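Some notes on the structure that comes next.
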Amino acid sequence: MDAILQNAAQSIQLGVEDYRSKDPRRVLSAVRNITAGVLLLFKEKLRRLSPPGSEDVLLKQKSRLRRGKGGTIEIVGVGKRTVDVEQVRERFTDLGVGVDWECVKDIVDARNEVEHHSTSLTPALLKSLIYNTFTVIGKFIRTELDQEPVDLLGKETWGALLEQAEVFEVELAECTKRLEEISWPTEVHEHVAKELRCRNCSSELICPTNPGVEDPLMLAFACRACGKEMEYSEIVEAAILEAFAGEQYIAAKDGGDPPIEDCFECGNATYVVELAECLACGVTPKHERCVVCHTLLGVQEQPLGGLCSYHHHLLQKDD
């Protein structure tokens, strides 16, 4: 990991620890660390955007001209001083990098007051400014640095950010948007999809990594809460049980036919009777009627070689 990015992650981690502390004095440290972390994320973006061999020109405060190979004129960075906040904003504007600058300005102004040991802002207001910055952090890491926040910040820090309602809602909206890109083959699939959760941490912040595939069994997901990767077949059983819980209860209570059954192929409780299909493995009935008496065969009679349970029992008895 590049040093700037590593320092950014560590600053944010420390800032979140300060933010969560019950000691009101640590909110000042939280302001410093969170602000430093955000600005370092921005600087990492400028470093990445700097042309190769330019001495990180977009990151440096000063630059100079030099002749390159073949007599071309090049602009390269000079010195160790990096860009300040205003320069970052100007360069991001020129390069089309989107940031909520109003939110960033608030936290930077608060940091400046804290650094001068004189702030009129209450601890509660400072925490509010930090809270608003959390959404900037998550969005910037993913959209501009092309990384998952949980991977960069770690599960503990990212989990702490997700505890904040606004950050969670932003993440959930993005996951929902991605799920809506999937073309589910039936309404039943759509109904079940609303209950999909991470198999590792049970979070609803699961996002399809390949929403364009046509076969649901080929879908893959990544949890934005814990970072776990999983396949559709691994998480659909729990979703089915939740989606059909009401109907399953009524069937058991009143003695009707259950809406779901254990699959005769994979053994999971993922065979949807209405569809005559298992959503976990895709198997469908191989036999419709008993070859002897022509009665309709149930789900659990499918492995009996085209026989109903009665005639299969007779066959076994004769053997």
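As the structure is a prediction and not an experimental result, all values here were calculated from the model.
- Closest approach of Val283 and Cys263 over heavy atoms only: CG1-SG, 3.4 Å.
- The two residues Ser233 and Val236 make their nearest non-hydrogen contact at O-CG1, 3.9 Å.
- Summarising the local packing, CD of Glu156 is surrounded by 12 or fewer heavy atoms from other residues, nucleotides or ligands at distances under 6.0 Å.
- Taken to the nearest 0.5 Å, the CZ atom of Arg199 stands 12.5 Å off from the CZ atom of Phe221.
- Residue Leu275 qualifies as enclosed at atom CG: its count of foreign heavy atoms under 6.0 Å is above 12.
- Screening Val167, Leu152, Ile12 for a side chain to side chain contact (heavy atoms under 4.5 Å, CB included) involving Ile137 leaves a single residue, Ile12.
- Scanning both residues, Trp184 and Ala193, for their nearest heavy atoms gives CZ2-CB, 3.4 Å.
- Residue Asp23 qualifies as enclosed at atom CG: its count of foreign heavy atoms under 6.0 Å is above 12.
- Counting non-hydrogen atoms of other residues, nucleotides and ligands closer than 6.0 Å to CD of Glu181 gives a total above 12.
- Annotation for Cys175 and Cys207: closest pair SG-CB, 4.0 Å, computed over non-hydrogen atoms.
- In summary, Arg20 and Glu163 engage in a salt bridge, as defined by a charged side-chain N under 4.0 Å from a carboxylate O.
- Distance check: Asn112 CG to Arg32 CZ gives 11.5 Å after rounding to the nearest 0.5 Å.
- Open room surrounds NZ on Lys139; 12 or fewer heavy atoms of other groups in view lie less than 6.0 Å from it.
- Using a 4.5 Å heavy-atom threshold, the side chains of Glu277 and Val272 count as separate.
- Here the closest non-hydrogen pair linking Gln164 and Ala160 is NE2-O, 3.4 Å.
- The shortest side-chain heavy-atom distance between Pro185 and Pro216 falls under the 4.5 Å cut-off.
- Salt-bridge check for Glu44 with Arg47: passed, with a basic side-chain N closer than 4.0 Å to an acidic carboxylate O.
- Linking Ile, Leu, Val, Met, Phe, Trp and Tyr whenever their side-chain heavy atoms come within less than 4.5 Å puts Tyr131 and Leu129 in one cluster.
- Following chains of ILVMFWY side-chain contacts shorter than 4.5 Å, one can reach Leu161 starting from Val27, so the two form part of one hydrophobic cluster.
- In terms of heavy atoms, Pro258 sits closest to Val273 at O-CG2, 3.4 Å.
- Looking only at side-chain heavy atoms (C-beta outward), Thr135 and Asp100 stay at 4.5 Å or farther from each other.
- Heavy atoms from other residues, nucleotides or ligands lying under 6.0 Å from CZ of Arg66 number more than 12.
- With hydrogens and angles ignored, the 3.5 Å screen pairs a side-chain donor or acceptor of Arg48 with a backbone N or O of Leu145.
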**Asked** Going through the checks in order, is the side chain to side chain contact (heavy atoms under 4.5 Å, CB included) test met by Phe168 and Glu204?
**Response** CA-CA 10 Å; Phe168 179 84; Glu204 57 188 304; 3.8 Å; yes
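- Taking OG1 from Thr143 and CD from Glu174, the interatomic distance works out to 9.5 Å, rounded to the nearest 0.5 Å.
- Note: the hydrophobic cluster containing Val85 also contains Val97 (ILVMFWY, side chain heavy atoms under 4.5 Å, direct or indirect links).
- Side-chain polar atoms of Asp18 and Asn33 form a donor-acceptor pair below 3.5 angstrom.
- A 6.0 Å sphere centred on CD of Glu229 holds no more than 12 heavy atoms belonging to other residues, nucleotides or ligands.
- Side-chain contact between Leu153 and Ile141 is present, with at least one heavy-atom pair separated by less than 4.5 Å.
- Here the side chains of Tyr271 and Cys281 are not in contact, with every heavy-atom distance at 4.5 Å or above.
- Taking the six-membered ring for Trp and thresholds of 30 and 60 degrees, Trp101 and Phe92 have ring planes inclined between 30 and 60 degrees apart.
- With contacts defined as side-chain heavy-atom distances shorter than 4.5 Å, the pair Phe42/Val99 qualifies.
- Counting non-hydrogen atoms of other residues, nucleotides and ligands closer than 6.0 Å to CD of Gln61 gives a total above 12.
- Thr133 has its side chain out of reach of Val104: every pair of non-hydrogen atoms, C-beta onward, lies at least 4.5 Å apart.
- At a threshold of 4.0 Å, the pair Arg142-Glu171 counts as salt-bridged, since one of the basic side-chain nitrogens sits closer than that to a carboxylate oxygen.
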